[in-house]
Amino acid sequence: MPTHREPALRTVGLRKAFGDHEAVDDIHLTVPAGSFYGLVGPNGAGKTTTLAMAVGLLRPDAGTAEIFGVDVWRDTVQAKGLIGVLPDGNAMPERLTGREVLTYLGLLRGIPHDTVAERTDELLQVLELDTAERTLVIEYSTGMRKKIGLAVALLHAPRLLVLDEPFEAVDPVSAATIRTILRRFVGSGGSVIISSHVMALVEQLCDHVGVISDGRVMAAGPLADVRGAGTLEDAFVDLVGARTGGTEGLAWLTS
Amino acid sequence: MAHLLTPGPAALAKLMIRMRLTLMRNSLGGDDAANLYTGVSVGLILAAGTIAVAVLWPAYLPLALAAWLSGWIFGPILIGGGNETLRPEYFAMLPATPRRTAAALLAGAFAGPAPAVNLIALLSLPVYGWRHGPAGVLIGLVAAVITLITMVMISRVVVALIGLFVRSRATAASVGVVAGTAIALCSNGWAPVAALGGDTAAWSHHLVRALPSGWGVAAIEAPWPLALAILAANAGLIALLLASWATLLSRRVVSAARGGVPPRRGAPRPFPTTGGARVSAAKELRAWWRDLVRIQLLGTAFSFALVFPFLLVPLDAWVVVPFTGLIAIVMAAASSANLYGADGTALWLTLMTPGAERADVRGRQLAWFLIVGPAAIALSLAGTLISGEPWAWPWVLGLLPALLGGGAGIIVLLAVTSLVPGTDPHKRGGNPLSTGADETAETSLAWLVLIALPSIALPTAGAILLNPWAGVASGVLTGALSAWGLGRIAYRRLENHGTELLNLMKHGPAPQAGKPTTADLPVVHRIGVTVCYLTAWLPLFPQGVVPMVMKIFGIADPGWFLALHLPPIWQWPTIIFMIALGLLMYGYAILIPMRLNSPS
């Protein structure tokens, strides 16, 4: 049985190639239980691919992923009971309203009807989706899609939340709400993994970070260790070896 | 600072043509290129055939050209709105008037293989004009160009109308009804024509000339002044079409497409307080009722089933009427075979919910059964009653459960084994009826159902021949076993290969080194496969199965059934040969590409 001593997520040697391109190349990550973990990296670094393999949505070419000690690819059903996932850009049952999506998924997970109704009401209210009672998910804005996705991830009260870019396209007020919800979740013993490009946000929220670039882990561990004396952004630019551009060319624009 | 001059009409048109050609060149990889070559080859054969008609049977030239026109009109309806390589949305921010953008887009629309092939077919006009001297050739050449522009414009206006007006269940269903009726007319339309006096009648002669496709022929046959008037009228029609297209386009880019229809006025009906398959079925029922693509497909299936049998009634042949409901089941199954592909990556939720795969498959089966079943049963009972064909009762009552159960089984099985990836519903463009899936692959899937589902019911048909009422028991058993067994295979496969299906929809088929694709099929085979797909129904159904049924029931009218025109001793061998030929052609068309596609 899983215990709290096991890390919330451990990946060993995850690999995935798309054709000739090695999207993820030997990723080892350990996310301690009860931590708020930020996964950062430039566009195309392999964050989304890594998370998809870690939760069981993409079969790795090699390597293993464990959630609280449960092998995701061997004890799939048990692992999936422990996590709530917000993937980036996936479709939903588009022709349901937000309430219907939550009701349907809650009942499908075997949660009693009254509990589903109660949780759905609260989630819609807290995430301010309750005004869109008659809107089908397909007509939701990008920010609303993120919020209904988050509600789906929270619905069954999982022990680990894996959220891919949860703050992208979300308005500042909703973002503050989501931050508060996630802090409360971690405060009560839950574990959270988020991926993001926004260093300031990760620095503000997370206690652990992993930096991925070109499908490899460049640095990982407690926030203080990874960023050292400077800011996370400085450490990140150092680690991925990026060169900040934008000062050359474009003379016609500024003349 | 910036210069705000948009290029003139000619330059803009040239840019559009270059952009279209570049887009086409960049997408010419693998299967697309092979599809293009096959399509062009088949088109060229048809074009050559049209020119042959102009030389050998000139009386039928207007009819042949009407067929090309109907291709331009119904093609986009049938394949869900037509292929739009250059979307008007791309150019919404260009500082140009809608009409100028429309004219340029039109120029872009001509920079493709279909108009080029069609132009070759229209060369039949100057060829026909040769009979009327050099002036006839000249008028024929002008008419060929004008007719081509008219056909392409009509097609564009149809696509624009679909994109703009399909915003509700009623309009989606009417597009489906038009499509279903068109398919029915293509397969059985000869019957009412024959009943009304056939192709010798004057009205049909005038009708095909009155269509825009026949104006060229009319101009060639007319004296000089009238010919010029006809061509001028045609040019006027083009101007009118262009103006309305420009208006439609400018409205389209500023109005948002709707992906679905809101539930109901007031609060939506609450979900049932249950779990498992029944709650999945509740989700599916809502999708059937709110998804315009599904409504359109159902409209197509049921209108075909309703129109097809009754087209034979003018010939006083009621034999097919009792089977209206059965035809509806087969057609509805054929248009539901890509259930998972149509929902896109929403599959991730099923995969992340422990044990939901079984509930999802069973729920989809149950919902399909509830959507199609009652209507099919009502149509079957009503059809058999009004047809006045009492012999049909055991056939209808036996085949009905076999086909319903078989349909509920086969659609989920194919949905997980032969999934055709489309575009996720929320990422689709301005066209509400396009799923973004590869139409060729979706059509093959539909054909697979059209063949596989009747074969599931074959044992029942055999039982009915032995003893009419044993057939009913056999039908119920076949239906129950197929729905249960095929559904079981489907959810087992979803449990084991769900992630692969999800990633197929997310990233498309993974290119695997050394694995052959259909693109590697020699062009001769590809043409063969396409020709077989397009024509195999001819020997199988109208020349094989239908005369067989007519012979069994002793219907004397030979119609256009080859076998019934032959001496009695040759009739059965001809029917069997035709059925075997049709099956062989389908077998070839399905198995050759499948052998290449199967994972090694």
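Below, chain A is the first sequence line, B the second, and so on; all start at residue 1.
Among residues two or more places apart in sequence or in another chain, the salt bridge (Lys or Arg N to Asp or Glu O under 4.0 Å) test is passed with A:K16 by A:D61. The salt bridge (Lys or Arg N to Asp or Glu O under 4.0 Å) check on B:R488 picks up nothing, with sequence neighbours excluded.
Each of A:L105, A:T103, A:D20 has some count of heavy-atom pairs under 4.5 Å with chain B, and the biggest count is that of A:L105. Counting heavy-atom pairs closer than 4.5 Å to chain A, the top residue among B:T499, B:D343, B:L347 is B:T499. Listed options A:L57, A:V77, A:I111 were ranked by heavy-atom pairs under 4.5 angstrom with chain B; first place goes to A:L57.
Contact check for A:E94 versus B:D291: no side-chain heavy atoms found under the 4.5 Å cut-off.
In this structure, the portion of B:L502 lying under 4.5 Å from any heavy atom of chain A is its side chain and not its backbone. With a threshold of 4.5 angstrom between heavy atoms, B:E495 does not approach chain A through any atom at all.
The backbone N or O of A:P87 lies less than 3.5 Å from no partner atom in the side chain of B:W348, so there is not a single donor-acceptor pair. Side-chain N or O atoms of B:T345 include one that pairs as donor or acceptor with a backbone N or O of A:A91 at under 3.5 Å. Using a distance-only test at 3.5 Å, with no hydrogens or angles considered, no donor-acceptor pair links the side chain of B:K283 to the main chain of A:Y104.
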Donor-acceptor pairs under 3.5 Å, side chain of residues 121-130 of chain A to any protein atom, not counting sequence neighbours: which ones?
unit_1: A:D121; atom_1: OD1; unit_2: A:R99; atom_2: NH1; d: 2.7
unit_1: A:D121; atom_1: OD1; unit_2: A:R99; atom_2: NH2; d: 3.2

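Ion pairing between a basic and an acidic side chain is recognised when a charged N comes within 4.0 Å of a carboxylate O; A:E100 and B:R290 show such pairing.
Below 4.5 Å, heavy atoms of chain A meet heavy atoms from B:A359, B:D360, all part of residues 357-365 of chain B.
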